[in-house]
Colleague: 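Here it is: the structure, laid out below.
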There are 2 protein chains.
Amino acid sequence: MTHDHEHEGEEHRQALLDKYMTERGLKTTRQRTLIMETFFQSGGHQSVEEVWARVRKTDTRVSVATVYRTMKLLAESGLAHARDFGDGQTRYEAALGRHHHDHLICTNCKKIIEFENDRIEALQDVVARRHGFKVNSHKMELYGLCRDCQRLS
Amino acid sequence: MTHDHEHEGEEHRQALLDKYMTERGLKTTRQRTLIMETFFQSGGHQSVEEVWARVRKTDTRVSVATVYRTMKLLAESGLAHARDFGDGQTRYEAALGRHHHDHLICTNCKKIIEFENDRIEALQDVVARRHGFKVNSHKMELYGLCRDCQRLS
DNA sequence: CTCAGTGCAAAGTCTTTGCACGATT
DNA sequence: AATCGTGCAAAGACTTTGCACTGAG
């Protein structure tokens, strides 16, 4: 159930990014390259602080501000999704070569499990249509205890 | 499509609240009473600032800090739900006498429409079970354009 | 009378921004 | 050379908290 296509989009990603940046006259800098590589290599749902921490292992001089700016850029370009799991910080997730999915979040150990369910997506469309809505995106999060944490409590 | 049972729980609410407060030695103050009444009379998804603004029409001396503290109390007692629609502030919604529901959010005019869908809820349970999760709560938000805003754009 | 609640301002988080300097195109 | 990007620190937005005073039980 892992996403085998997670890596196949690497050149595609680079191409899209190049296009996006050229189109708006953005520049490829040492910092941006490092931040993006770090982010895409790590996977998961990363906060800016987390990305920054990893980036600093390679280059201490990069500032948080730049990480904030670069992650926002990735989100705007569509290469990453910004998520808010209610813990007070924005988390980013790689976007390309992945199906849309939602999240199961363990309120105890903070583990995040991803899942896809086409039938739910279909029903969402039905609901939206019923209300005359044109849905662009959605989020669905189920909060509870994962298997391991149920056992312990 | 309005919720007729929205008002029937008023004494029930008071009873629950009294119980909750007595149990933990909390005191009934002028401010708390005013804040709660204001909140429950207004309905919708209110931010602390909004509640505060309304409260101040009656009593200018109430501080935001107290509204923050009181809304948190309401959420902890189960009389209100804290929601985060990604606009950077927590919004509160009356909880009692209402079915669980989810939200359609217009990204243009910020209108929020509530809906219920039992089939989606059922499918969520299936997904959770499949992953060994015991779900306590969930949220689902569909973002897009409402009928009116589609027409205008 | 005692302990919880309140107001106020200060402090905390996370995030954005203004500005002078530095780097890319 | 012309712009865009970066670092830094300051500023913002929202929320919490320490403290002395007030008030409910």
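From a predicted model like this one, the values you see are computed outputs, not experimental measurements. Basis for what follows: all heavy atoms, side chains included, without hydrogens, waters or symmetry-related copies. We name chains A, B, ... by the order of the sequence lines, and we start the count at 1 in each one.
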Colleague: Which is true for A:R32 with a 4.0 Å heavy-atom rule: it touches a base, it touches only sugar-phosphate, or it touches nothing?
Modeller: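 Counting heavy atoms under 4.0 Å across all strands, the contact made by A:R32 is with sugar-phosphate only.
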
Colleague: How do B:K72 and B:K27 order along DNA chain D: which one's closest nucleotide is nearer the 5' end?
Modeller: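 Its nearest nucleotide being more 5', the pick is B:K72.
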
Colleague: Of the options A:R54, A:R30, A:R32, which is the one that meets A:D59 in a salt bridge (charged side-chain N to carboxylate O under 4.0 Å, His left out)?
Modeller: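 Exactly one candidate clears the test, A:R30.
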
Colleague: Is it the case that B:R13 places NZ or CZ above or below the six-membered ring of B:F40, under 6.0 angstrom from the centre and within 45 degrees of the axis?
Modeller: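 Ring-cation test returns yes.
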
Colleague: On a heavy-atom basis, which atom in B:G78 and which in B:A95 lie closest, and how many Å separate them?
Modeller: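 Answer, listing the atom of B:G78 first, then B:A95: O-CB, 3.3 Å.
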
Colleague: What are the bounds, 5' to 3', of the part of DNA chain C that sits under 4.0 Å from heavy atoms of chain B?
Modeller: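 Range of nucleotides within reach of chain B: C:dC3 to C:dC8.
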
Colleague: Ignoring hydrogens and angles, answer whether the base of D:dG5 and the side-chain atoms of A:R30 contain a donor-acceptor pair closer than 3.5 Å.
Modeller: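 In this structure, the two groups form no donor-acceptor pair.
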
Colleague: Under 4.0 angstrom, heavy atoms only, what part of the nucleic acid is B:V62 near: base, sugar-phosphate, or nothing?
Modeller: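 The answer is sugar-phosphate, as B:V62 gets under 4.0 Å only of primed atoms, P, OP1 or OP2.
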
Colleague: Under 4.0 Å, counting only non-hydrogen atoms across every strand here, what does B:T90 touch: a base, just sugar-phosphate, or nothing?
Modeller: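 Here B:T90 touches the backbone only, sparing every base.
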
Colleague: Rounded to the Å, how far apart are B:R91 CZ and D:dA13 P?
Modeller: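 Value for this atom pair: 16 Å.
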
Colleague: Below the 4.0 Å mark, does D:dT16 have OP1 or OP2 next to a side-chain nitrogen or oxygen of B:Y68?
Modeller: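 Answer is no, no contact under 4.0 Å.
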
Colleague: Donor-acceptor check, side chain of A:Q124 to backbone of A:V135, threshold 3.5 angstrom: yes or no?
Modeller: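 Not at all, since once roles are kept as given, no pair shorter than 3.5 Å links the two residues.
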
Colleague: Carefully, step by step, assess B:H81 and B:Y92 under the rule ring pair (Phe, Tyr, Trp, His ring centres under 6.0 Å).
Modeller: CA-CA 6 Å; B:H81 289 311; B:Y92 292 90; over 10 Å; no

Colleague: I'd like to know if the side chain of B:H45 pairs up with that of B:E93 as donor and acceptor (distance under 3.5 Å, no hydrogens or angles considered).
Modeller: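 Side chains of B:H45 and B:E93: pair found under 3.5 Å.
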
Colleague: Base, sugar-phosphate, or nothing: which does B:S47 touch, judged by heavy atoms less than 4.0 Å apart?
Modeller: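 Contact class for B:S47: none.
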
Colleague: Take A:T29 and B:Q89, find for each the nucleotide of DNA chain D with the closest heavy atom, and name the residue whose nucleotide sits nearer the 5' end.
Modeller: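 Closer to the 5' end of DNA chain D: A:T29.
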
Colleague: In whole angstroms, how far is the C1' atom of D:dA24 from the CZ atom of B:R24?
Modeller: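 Atom CZ in B:R24 sits about 19 Å away from atom C1' in D:dA24.
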
